[in-house]
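The block underneath contains the structure these notes are about, expressed in structure tokens.
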Amino acid sequence: MNRTFRLEHHPIDASTTVVLDPSTYERIVHAMDRHGMIHDLPYPQHPAPADPEERRAFLAATAAEPAGIPRHKLTVDGEWLITPRELTAALGAYYAHPIEQRNAADQAVDQWRPWIGLLLSGGNHLGIRCL
């Protein structure tokens, strides 16, 4: 099944949306992982866990300055919002890599440039919604 991502609070059209087939999406997530763009956080079963200890740990992790996009927002189905702060952190990790490594991802992964373009736009707007 294809994965769709669009700028938050924008209509779905070619300028605000990227649709990825499963194979391309897998390669994008793998490339993002290699560039340090994905951050592992506890996966919330609900908006926040009910157990007080788990809730404190979850809120502490999500309130901290993000180190990238939480992995569960990319790998678990749901209408997750990838926030501008998460996008900015992910892009910071990406641009910290040498240009040769960034160019290699662009050449190895179909739709890498449109994906990075969407991340840049989302970081300057209200984020990106996973649909």
Side-chain angles (χ1 to χ4, degrees):
M1 179 166 69
N2 289 344
R3 298 290 305 258
T4 302
F5 299 86
R6 73 163 165 73
L7 292 177
E8 180 67 351
H9 296 299
H10 283 74
I12 295 178
D13 66 40
S15 69
T16 63
T17 307
V18 172
V19 178
L20 302 168
D21 65 76
S23 176
T24 300
Y25 184 66
E26 183 178 318
R27 288 192 307 276
I28 282 177
V29 170
H30 185 69
M32 290 178 70
D33 230 350
R34 282 194 321 267
H35 286 92
M37 300 171 72
I38 299 174
H39 183 63
D40 289 308
L41 287 176
Y43 169 66
Q45 298 298 320
H46 302 284
D51 177 73
E53 285 301 312
E54 288 179 23
R55 182 178 172 82
R56 275 193 284 282
F58 173 74
L59 292 175
T62 58
E65 192 63 33
I69 298 170
R71 184 175 306 279
H72 66 267
K73 291 185 178 182
L74 295 170
T75 59
V76 177
D77 286 338
E79 291 193 16
W80 299 102
L81 174 66
I82 303 172
T83 69
R85 289 177 46 208
E86 293 164 346
L87 294 165
T88 300
L91 289 165
Y94 173 66
Y95 285 114
H97 283 77
I99 188 73
E100 297 80 17
Q101 289 180 12
R102 297 192 317 259
N103 287 342
D106 181 41
Q107 302 219 340
V109 180
D110 293 340
Q111 295 197 26
W112 183 253
R113 283 189 187 191
W115 176 252
I116 292 297
L118 185 69
L119 299 184
L120 285 165
S121 294
N124 292 324
H125 290 88
L126 299 172
I128 296 173
R129 180 68 63 179
C130 310
L131 301 173

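Nearest heavy atom pair, residue Lys73 against residue Leu81, reads NZ-O, 2.7 Å. Contact between Ala93 and Gly36 at its shortest, heavy atoms only, is CB-O, 3.2 Å. Here the closest heavy-atom approach between residue Gly123 and residue Pro84 is recorded as O-CB, 3.7 Å. Among all heavy-atom pairs drawn from Ile28 and Gln111, the shortest one is CD1-O, 4.2 Å. Heavy-atom minimum distance, Trp112 versus Arg102: NE1-O, 4.4 Å. Among all heavy-atom pairs drawn from Gly68 and Ala89, the shortest one is N-CB, 3.6 Å.
Cluster membership for Ile69 and Leu126, using ILVMFWY side-chain heavy atoms within less than 4.5 angstrom, is not shared. Connection of Val29 to Trp80 is not established within any shared hydrophobic cluster, with ILVMFWY side chains joined at heavy-atom distances below 4.5 Å, either directly or through further cluster members. Follow the hydrophobic side-chain contacts under 4.5 Å out from Val76 and you never reach Ile128; the two are in separate clusters. Both Val109 and Ile38 belong to a single network of hydrophobic side chains, linked directly or stepwise wherever heavy atoms of I, L, V, M, F, W or Y lie under 4.5 Å apart. Under a hydrophobic clustering in which Ile, Leu, Val, Met, Phe, Trp and Tyr are joined whenever their side-chain heavy atoms come within less than 4.5 Å, directly or via other members, Leu120 and Val19 fall into different clusters.
Side-chain atoms of Arg113 do not come within 3.5 Å of backbone N or O of Asp106 as any donor-acceptor pair.
Within a 6.0 Å radius of CD in Gln101, other residues, nucleotides and ligands contribute more than 12 heavy atoms. Other residues, nucleotides and ligands contribute over 12 non-hydrogen atoms within 6.0 Å of the CZ atom of Arg34.
Within the 4.5 Å cutoff, the side chain of Arg71 has heavy atoms near those of the Asp33 side chain. Residues Leu91 and Thr88 form no side-chain contact, since every pair of their non-hydrogen atoms from C-beta on lies 4.5 Å or further apart. A 4.5 Å side-chain heavy-atom check between Met32 and Leu74 finds at least one atom pair inside the cut-off. Between His39 and Pro66 the shortest side-chain heavy-atom distance does not fall below 4.5 Å. You'll find the side chain of Arg3 reaches within 4.5 Å of the side chain of Asp77, heavy atoms only. The shortest distance between side-chain heavy atoms of Arg27 and Ser23 falls below 4.5 Å. Counting heavy atoms from C-beta outward, Leu20 and Trp115 have side chains that approach closer than 4.5 Å.
Across Leu118, Thr4, Leu7, a single residue satisfies side-chain contact (heavy atoms from CB on, under 4.5 Å) together with Thr17, and that is Thr4.
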Practice problem: Go through Leu87 and His125 one step at a time and tell me if the side chain to side chain contact (heavy atoms under 4.5 Å, CB included) criterion holds. | Solution: CA-CA 10 Å; Leu87 294 165; His125 290 88; over 6 Å; no

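Ion pairing between Arg129 and Glu79 fails under the 4.0 Å rule for side-chain N and carboxylate O.
Relative ring orientation between Tyr25 and Phe5 is described as parallel, the plane-to-plane angle staying below 30° on a 0-90° scale split at 30° and 60°.
Between the OG atom of Ser15 and the CZ atom of Arg6 there is a distance of 12.0 Å, given to the nearest 0.5 Å.
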